[in-house]
> 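Pasting a structure below so you can have a look.
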2 protein chains.
Amino acid sequence: MTGPATAAPSAPSAPATPASPLSGPSGCRAREVLDLVAGKWSLAVVDTLGAGPMRFSELKRAIGGISQRMLTVTLRGLERDGILTRTVYAVMPPNVTYELTTMGRTLLEATRPVVQWSLENIAAIDAARAEFDASAEPS
Amino acid sequence: MTGPATAAPSAPSAPATPASPLSGPSGCRAREVLDLVAGKWSLAVVDTLGAGPMRFSELKRAIGGISQRMLTVTLRGLERDGILTRTVYAVMPPNVTYELTTMGRTLLEATRPVVQWSLENIAAIDAARAEFDASAEPS
DNA sequence: CTGAATCCCCTCCGATACTG
DNA sequence: CAGTATCGGAGGGGATTCAG
């Protein structure tokens with residue numbers, strides 16, 4: 001699975017359709033990475049952490065609506081992916097601080113347009129859904 | 001929505017924490033809209049349709065690996081959200097064409113940075129995961 | 001060709017309770 | 001404060017089959 005692949009320059013009949021980076025074989029990998037952001041809370045954590053290093057409880061309070069479990073799971077995943085770092089200060093009481101890595105910050109930048117788009121189009125989408133439902137499920 | 005917004009000068013005790021658009025109350029809505037893109041195939045469909053109007057079978061072939069069911073479900077969802085239009089030509093054999101709406105095209109533009117980031121960071125993430133797994137699960 | 005319908009597994013996620 | 005452990009519901013998503 002980890003094969004180099006994507007290195008098949010000799011494809012004869014391949015249309016190469018570079019139109020969509022998510023369509024081809026390499027698209028599978030991209031999709032996989034996009035799952036990173038697809039998680040229910042990943043984006044919120046990255047976005048919130050964009051303000052600077054933060055502790056567990058601060059994150060929990062800032063995000064709001066997230067359970068300890070999901071915050072922990074999400075943080076673990078992002079740490080594993082190299083998006084953020086987890087620093088434990090052996091003091092009393094325990095102090096664990098999370099901070100975006102360089103890669104995490106580039107991810108934050110990359111996601112800004114999507115987040116902004118979401119905010120800008122919430123109303124339009126609500127309207128579209130209402131209209132669709134009205135004309136499709138009048139029963 | 002397209003309003004200038006962010007112009008709430010009269011909030012007295014509001015901390016305003018503009019740090020994260022996904023954290024606050026409005027963030028819940030944004031998260032909701034982001035689910036639109038979170039689906040396993042939504043982005044691939046939008047991305048693929050970026051090349052121009054396409055038929056059902058063309059989409060299926062272009063994306064590859066998607067089942068009829070998921071393509072249908074994904075298309076319905078995106079149509080409901082006003083991201084794409086579904087046009088049926090009553091000919092023989094049936095011809096159904098899907099095309100991005102204006103909003104769909106703006107979404108495509110907004111997602112480009114994330115898609116590109118994914119492609120650029122696949123290797124780094126793989127490495128980070130391997131390293132994390134190696135030092136966390138040695139037993 | 002396009003799609004709806006069914007079956008079924010599997011993961012995500014929330015609520016709760018317990019530890020250091 | 002910062003987690004971990006467990007249970008259980010809900011939904012995503014794949015394979016297959018049927019229909020217009």
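These numbers come from the heavy atoms of this one structure, side chains and all, not from hydrogens, waters or symmetry mates. So that the names make sense, note that chain A is the first sequence line, chain B the second, and so on, each numbered from 1.
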> Contact class for A:Y98 (heavy atom, under 4.0 Å): base, sugar-phosphate, or nothing?
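Contact class for A:Y98: sugar-phosphate only.
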> Between B:L71 (CG) and D:dG14 (P), how many Å, whole number?
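Going from CG in B:L71 over to P in D:dG14 covers 11 Å.
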> For A:R86 and D:dA2, what is the distance between atoms CZ and C1' respectively, to the nearest whole Å?
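Spelled out: CZ on A:R86 to C1' on D:dA2 is 8 Å.
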> A:M54 CE to D:dA2 C1': how many Å, rounded?
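Going from CE in A:M54 over to C1' in D:dA2 covers 16 Å.
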> What is the distance from CE of A:M92 to P of C:dG20, rounded to the nearest Å?
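A:M92 atom CE is separated from C:dG20 atom P by 13 Å.
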> Any ion pair linking B:R76 and B:E79 (charged N to carboxylate O, less than 4.0 Å)?
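Yes, B:E79 and B:R76 are salt-bridged.
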> Nearest nucleotide by nearest heavy atom, which residue falls closer to the 5' end of DNA chain D, A:F56 or B:G65?
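On the 5' side of the pair lies A:F56.
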> Taking only side-chain N and O atoms of A:S67, does any of them lie within less than 4.0 angstrom of OP1 or OP2 on C:dC13?
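For A:S67, the contact criterion (side-chain N or O under 4.0 Å from OP1 or OP2 of C:dC13) is not met.
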> When you match B:Q68 and A:V73 each to their closest nucleotide on DNA chain D, which lands nearer the 5' end?
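This one resolves to A:V73.
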> Heavy atoms under 4.0 Å, any strand shown: does A:R69 hit a base, just sugar-phosphate, or nothing?
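Contact class for A:R69: base.
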> Checking contacts here: which listed nucleotide (D:dG13, D:dA2, C:dC1) is nearest the side-chain heavy atoms of B:M70?
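Closest nucleotide among those given: D:dG13.
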> Say you draw a straight line from OG1 of B:T72 to CD1 of B:I66; how long is it, rounded to the nearest 0.5 Å?
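Reported to 0.5 Å precision, the distance equals 8.5 Å.
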> Atom CG of B:L75 to atom P of C:dG3: distance rounded to whole Å?
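About 7 Å, once rounded to whole Å.
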> Tell me the interatomic distance from B:L59, atom CG, to C:dT2, atom P, rounded to whole angstroms.
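Going from CG in B:L59 over to P in C:dT2 covers 10 Å.
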> Apply salt bridge (charged side-chain N to carboxylate O under 4.0 Å, His left out) to residues A:R112 and A:E109 and explain how you reach the verdict.
CA-CA 5 Å; A:R112 272 195 220 284; A:E109 292 307 314; 2.9 Å; yes
> Taking the nucleotide of DNA chain C with the closest heavy atom to each, which residue, A:P94 or A:I66, is nearer the 5' end?
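Residue closer to the 5' terminus by nearest nucleotide: A:I66.
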> Examine D:dT4: is either OP1 or OP2 under 4.0 Å from a nitrogen or oxygen in the side chain of A:R76? Give yes or no.
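Result: yes.
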> Among C:dT2, D:dG14, D:dA2, which is the nearest nucleotide to the side chain of A:S57?
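Within the option list, the nearest is D:dA2.
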> So, taking the atom named OG1 in B:T74 and the one named OH in B:Y98, what distance separates them when rounded to the nearest 0.5 Å?
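Rounded to the nearest 0.5 Å, the OG1-OH separation comes out at 11.0 Å.
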> Can you check whether B:P53's main-chain N or O pairs, donor with acceptor, with B:T97's side chain at less than 3.5 Å?
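No, because the side chain of B:T97 does not come within donor-acceptor range (under 3.5 Å) of the backbone of B:P53.
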> Mind checking A:T72 for me? I need base, sugar-phosphate or nothing, with any heavy atom below 4.0 Å counting as a touch.
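Here A:T72 touches the bases of the nucleic acid.
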> Taking only side-chain N and O atoms of A:K40, does any of them lie within less than 4.0 angstrom of OP1 or OP2 on C:dG14?
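So the side chain of A:K40 is within the cut-off, an N or O lying under 4.0 Å from OP1 or OP2 of C:dG14.
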